[in-house]
Asker: 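Pasting a structure below so you can have a look.
Proteins get letters first, then strands, A, B, ... in listed order; numbering begins at 1 in each.
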Number of protein chains: 2
Amino acid sequence: MRADARRKYDRIVEAATEVVVEQGTDASLNEVARRAGVGPGTLYRHFPTREDLINAVMTNWVERIQAIAEAAVGSTQPPRGLLLSWFEGVVAHIGEHSGFPARLIAAMDDPQSHLHGKCEVLIAANARVMHRLSADGALRGGADSAEICRLVMGIAVVADEGKLAPPAVHPMLAIVADGLLT
Amino acid sequence: MRADARRKYDRIVEAATEVVVEQGTDASLNEVARRAGVGPGTLYRHFPTREDLINAVMTNWVERIQAIAEAAVGSTQPPRGLLLSWFEGVVAHIGEHSGFPARLIAAMDDPQSHLHGKCEVLIAANARVMHRLSADGALRGGADSAEICRLVMGIAVVADEGKLAPPAVHPMLAIVADGLLT
DNA sequence: ACCTGAACACCGTTCAAGT
DNA sequence: ACCTGAACACCGTTCAAGT
């Protein structure tokens with residue numbers, strides 16, 4: 001990639017991050033191009049699909065979700081508290097950008113999607129937490145990590161769409177936790 | 001309402017039903033007007049907002065959800081099976097029109113929405129089922145009907161967005177059922 | 001090799017003009 | 001009283017023309 005192209009690329013991602021934070025994942029791409037000081041064609045050249053762009057905006061999302069999982073695995077809390085704070089972390093982190101939960105769910109069952117890798121990261125992170133609880137004999141068993149992630153992502157959509165504050169999300173997560181624990 | 005207006009009104013709802021069944025709740029309103037053989041202005045005169053139109057399309061949704069709840073309340077199944085088939089019925093019925101689950105969730109916390117009444121119907125129907133299970137001492141208690149509905153609607157969104165078949169939805173509902181039952 | 005920006009087909013929404 | 005359909009501002013996406 002030529003130096004000037006690289007520069008434009010960076011400006012686009014920068015602008016996209018701004019716009020997505022303000023207006024969510026469904027924001028106008030022309031607006032992004034406008035704010036980046038770039039023609040629409042240039043945006044499409046670098047990011048042929050909207051998911052490509054979102055994927056670029058969410059680059060460090062991966063590390064953060066892994067860090068949250070790590071914290072849960074290393075926690076000394078009792079199982080229920082540990083599971084709940086992990087779930088709360090996931091919902092908060094996924095829901096930080098409005099529209100993102102719904103896109104993640106769609107990407108889950110579509111290996112074509114550029115966001116599919118992010119789903120796999122989440123599933124793996126969740127599996128680590130489940131494994132830790134399983135070692136303590138705290139888990140009922142029988143539930144696949146992908147299923148659990150889908151469920152929690154569904155709650156993230158509810159929180160996003162209904163603009164719910166964390167305390168309003170808690171009761172739903174509590175039901176799920178009770179369903180998973182022995 | 002004048003007779004000719006009434007006729008146009010009916011044709012719009014008819015066309016909207018068709019289009020929503022084919023393309024979901026986000027379908028083009030101009031397309032609806034086109035198919036109804038009506039100017040866009042006429043559509044807006046009868047249905048100032050998109051939710052107004054969807055609400056009209058979903059008129060008999062109410063009776064059907066109540067019938068499903070009735071069937072569950074009168075069932076002789078053991079609690080877990082009863083709860084699961086109620087939930088499955090709800091997810092299937094809500095998810096019949098793509099995009100509808102997400103709209104219902106948004107309407108839940110927005111009393112302004114014309115779809116808000118539909119949410120209340122669902123919450124009431126679910127409360128009846130919960131009451132029946134509670135009488136059998138099968139419920140853990142502590143969960144509000146609205147919370148449970150939100151959770152199930154979240155699963156409906158997951159099913160909708162991920163185009164999941166009923167068997168793929170079952171594991172998530174099972175976790176929720178286990179979380180609610182004693 | 002890369003970018004621009006006009007152009008196209010679409011959408012939601014409004015409102016003067018008609019009957 | 002009710003309807004029409006042209007009109008407006010927007011959007012996603014493409015592609016000839018430029019550097």
Asker: On DNA chain D, compare the nucleotides closest to A:Asn30 and A:Gly41; which residue's is nearer the 5' end?
Answerer: A:Asn30
Asker: Do A:Arg150 side-chain atoms and B:Ala159 backbone N/O form a donor-acceptor pair below 3.5 Å?
Answerer: no
Asker: Let me know which of B:Arg7, B:Arg2, B:Arg6 forms a salt bridge (Lys or Arg N to Asp or Glu O under 4.0 Å) with B:Asp4.
Answerer: B:Arg2
Asker: Looking at every strand, decide which applies to B:Ser28 at a 4.0 Å heavy-atom threshold: base, sugar-phosphate, or nothing.
Answerer: sugar-phosphate
Asker: Are A:Leu53 and A:Phe100 in one and the same hydrophobic cluster, where Ile, Leu, Val, Met, Phe, Trp and Tyr link if side-chain heavy atoms are under 4.5 Å apart?
Answerer: no
Asker: How does DNA chain D look in dot-bracket notation if pairs are Watson-Crick or G-U with both distances under 3.5 Å, crossing ones as [ ], other-strand ones as |?
Answerer: ||.|||||...|||||.||
Asker: Taking the nucleotide of DNA chain C with the closest heavy atom to each, which residue, A:Pro40 or B:Pro48, is nearer the 5' end?
Answerer: A:Pro40
Asker: Hey, which sits more toward the 5' end of DNA chain C by its nearest nucleotide, A:Ala5 or B:Ala27?
Answerer: A:Ala5
Asker: Look at the side chain of B:Arg132 and the backbone N and O of B:Ser75, then say whether any donor-acceptor pair between them is shorter than 3.5 Å.
Answerer: yes
Asker: Map A:Arg50 and A:Thr42 onto DNA chain D by nearest heavy atom, then report which one ends up closer to the 5' terminus.
Answerer: A:Arg50
Asker: Please check: side-chain N/O of B:Arg140 versus main-chain N/O of B:Gly179, any donor-acceptor pairing under 3.5 Å?
Answerer: yes
Asker: Taking the side chain as every heavy atom from C-beta outward, state whether B:Arg45 and B:Lys8 have any atom pair closer than 4.5 Å.
Answerer: no
Asker: Would you indicate what A:Arg34 reaches in the nucleic acid, counting non-hydrogen atoms under 4.0 angstrom: base, sugar-phosphate, or nothing?
Answerer: sugar-phosphate
Asker: Distance under 4.0 Å to a non-hydrogen atom of chain A counts as contact; along DNA chain D, which nucleotides mark the start and end?
Answerer: D:dC11 to D:dC15
Asker: Do B:Phe47 and B:Val57 land in one hydrophobic cluster if side-chain heavy atoms of ILVMFWY residues count as linked below 4.5 Å?
Answerer: no
Asker: Does A:Glu14 offer a backbone N or O that forms a donor-acceptor pair with the side chain of A:Arg35 under 3.5 Å?
Answerer: no
